[in-house]
Amino acid sequence: MTKSFMSFSRLVARAALVLVLAISAWTQTAPPDRPWMNTSLSPDQRAELVLQQMTLDEKISLLHGTGMVGLGPVSPLHAQSNGGAGYVVGVRRLGIPDINMSDAAYGVRSSGENGRYSTALPNNLASAASWDLKEAYAYGALIGRELRAQGYNMSLGGGVNLTREPRNGRNFEYLGEDPILAGRMVGQVMKGLQAQHVLGDLKHYALNNQESGRNAVNIIIDKRSMRETDLLAFEIGLRDSEAAGVMCSYNRLNGDYACENKYLLTDVLKNAWKFKGFVLSDWGGTHSTAKASAAGLDHEEPGEYFYGEPYKKAVESGKTSTAELNDHVHRILRSMFATGVIDDPPQKSVVDVEGGFEVAQRIAEGSMVLLKNEKALLPLDAARIRSIAVIGGHSDVGMISGGGSAQVDPPGGNVIMPPGKGATVWGKPVWFPTSPLKNIRAKAPNANVEFASGEDIPAAVALAKSSEVAVVFAYKWETEGADADSLGLPDSQDALIAAVAAANPRTVVVLETGNPVTMPWLGQVNSVLEAWFAGSRGAQALANILFGEVNPSGKLPITFPRHEADLPHLTIAKPDPKDVPDSATDPDWWTKTLEGLPSFDTHYDEGLKVGYKWYDAGNKPVLFPFGHGLSYTTYAYSNLKVQAGNPVRVSFTLANTGKRAGAEIAQVYTSLPASANEPPKRLVGWSKIQLNPGEKKDVTVEVEPGFLSIFDVDSNGWKLVPGDYGFQVGPSSQTLPLKQTVSLR
Ligand code: BGC
């Protein structure tokens, strides 16, 4: 045999072996009639193989939901759903499962209603106050696990609208006012969630920053401003997580509904950002067939008013092309393959309650923000304290939660709603059974801990007078569907706090809010702790912080302004009431909404100046700045060195100069060159550093050049403006002891 023949025969033998292996892998993973079950193919290849087998009706069935009780007609198929907000019938003939969607902002919604249980995590804004990317991942992972245990394969969480308007009733579901913080946090939440093989989604795309007239409002904003603010949060979140879904919002944007807005859905999302997943409309946010489809809307929820029979007709008549239809279906299928919901469908099981408690408590402990602590009143000394007055906020039995479609059902029901325990009703505040009073008592067994509801102010004052310390709980309920009229606390809580503080010079205020609030009594109290909507284990976390077992480390993801007069908009624009059909009295309200309500304009003239950027630019003093949060220890910053490059490296030394271990969130801000025409500074990075007393660490924060760039409308892209960049490092947006200017080009 010649040498060349030998090598040829070896080649043949090798090729044969490869073929056998390939065939055996093939037969193991994919039945011959379902080649798309071959997991070695890419999600896009698998989707394409399925698509080739689908009939027109099957394709259309993936394009829409099947109705929602209370919102428009419900199809008979809806009865087969798992009880969530959305249900899409799969293609069972081809092994494509149904999509069961559940709202899952800070936990799985409607569990109680469905006879199940889920953990309530601290609300989303609270989690943003931890600035902790690992915890954000854990947040998403927990929700993902509980969704699967309850039989869901898609989450409708992932809210990331920026806090442009601090009276927006849904800010508690979002991640604050900074696009980089919000985007990076939501990216990790979605990554953690999708790792559990659950489809994720980011919402509400975009500029849905007010609830008033949300189905009618037309937001007017220029391209640069939207790309650098609200849209940037989505861009970063999608880049970091590859989330499967994006929910387009109710509002119009520059004239077109978000769900039929070509600029938003196609030009930016699908083309510029190369989003491969699918766009689903908010519930009732689809308003057309051909226009929405051409603009890039892939899926209508909750029903099939535009994407059912009308879509079929549009395809049959050639108004909408088959290629366009196929693109929508492909996106849905490829997302299902990519996320693993086809290869690893959810198996119903018992939720790990204890595991959920652990995560919820840890996140609550990392997200509460100590706003003020004069004379180091906190932490309380459990060994020495003899009497504590616990006042207000239903703190004897529970802690409040955020409402609307984010609402998680408490086990056993709402602890205070009349006529007693049990009901969780849309439009009514819900308190979770986590009792601050009980947990404070447990921490201070030698103290006399008494409760006053606060309804009777003189009684609360008398209790405060006779106690060493008064802890007043104040709340402000927030919910989908409504904005607050003011930034004030509701009811007579301001009067209660002022009266208690006047009676006892050692007063602590614990806030349970989902937005900033004004504090006319701030000068009278020693300590203020923002506990947000603290979730299933809020009171345990709170007590650990009050008594110093946990050192607070949260920092504000939103500015607390002094008063409404300092906001970019004095009031929130509202629709003419005659233009809004009343769902309680008008049987056609749903169809009228779908067909489109008369619009009214809101101009976001503040543009780039969202949150702290607004107050910075106008030199407006605030109550508490973005990034602010105290600790029971102290930190010192030194040694700043900024090294240009990709990434830019910002290095410094952080020391714990106090007597307790703690975690500091060190923040890096940058002022762009004057020619960039930007607000005074922007957050570009941060690091959360754990330090023992006396310990020092060298820290490096890597800053992506993209985070230093501006959106250039002419070239339709991001650009780094050459010039001098002022880097500043410190514990809050207004306390930045380290500064260095570096030239970048
Ligand atoms: C909300 C969405 C939610 C949907 C389904 C809508 O009213 O705006 O955030 O996911 O309902 O419950």
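Computation of the quantities below employed the complete heavy-atom set of this structure, encompassing side-chain atoms and omitting hydrogens, waters and symmetry-equivalent molecules. Note that ligands are numbered from 1 as they come in the structure, with each ligand's atoms numbered from 1 the same way. Residues: numbered from 1 along the sequence shown.
Of all atoms in ligand 1, numbered sequentially from 1 with element shown, those under 4.0 Å from a heavy atom of Ala85 are 5 (C), 12 (O). Atom numbering of ligand 1 starts at 1 in the shown order; those under 4.0 Å from a heavy atom of Arg170 are 1 (C), 2 (C), 8 (O), 9 (O). With ligand atoms numbered from 1 in the order given, ligand 1 contributes 2 (C), 3 (C), 9 (O), 10 (O) to contacts under 4.0 Å with heavy atoms of Lys203. The atoms of ligand 1 that sit less than 4.0 Å from any heavy atom of Arg214 are 7 (O), 8 (O). Ligand-side atoms of ligand 1 in range of Arg109: 12 (O), range being under 4.0 angstrom from any heavy atom. Short contacts between ligand 1 and His204, defined as distances under 4.0 Å to a heavy atom of the residue, involve ligand atoms 2 (C), 8 (O), 9 (O).
Taking a 4.0 Å cut-off on heavy atoms, Glu480 registers as neighbouring ligand 1. Judged by the shortest distance from any of its heavy atoms, Glu301 lies outside the 4.0 Å radius around the atoms of ligand 1. Residue contact annotation: Glu173 has no non-hydrogen atom under 4.0 Å from ligand 1.
Looking only at atom types and distance, the side chain of Gln194 has no donor-acceptor partner in the side chain of Ser241 under 3.5 Å away.
Neither the backbone nor the side chain of Met101 has any atom closer than 4.0 Å to an atom of ligand 1 (non-hydrogen atoms only).
Ring centers of Trp431 and Tyr475: under 6.0 Å apart, within the cut-off.
Taking 4.0 Å as the cut-off between side-chain N and carboxylate O, Lys312 and Glu304 do not count as a salt-bridged pair. Between Asp256 and Lys291 there is a salt bridge, since at least one side-chain N of the basic residue sits less than 4.0 Å from a carboxylate O of the acidic one. Between Asp586 and Lys592 there is a salt bridge, with a side-chain nitrogen of the basic residue lying less than 4.0 Å from a carboxylate oxygen of the acidic one.
The closest protein non-hydrogen atom to atom 6 (C) of ligand 1 is Asp282 OD1, 3.0 Å. When only non-hydrogen protein atoms are considered, atom 5 (C) of ligand 1 lies nearest to Asp103 OD2, 3.2 Å.
Using bins of under 30°, 30° to 60° and over 60° for the plane-to-plane angle, the ring pair Tyr205/Phe234 lands in the perpendicular bin. Ring geometry, His287 versus Tyr257: the interplanar angle falls under 30°, so the pair is classed parallel (tilted spans 30 to 60°).
Between the CG atom in Leu121 and the CG atom in Leu142 there is a gap of 5.0 Å [rounded to 0.5 Å].
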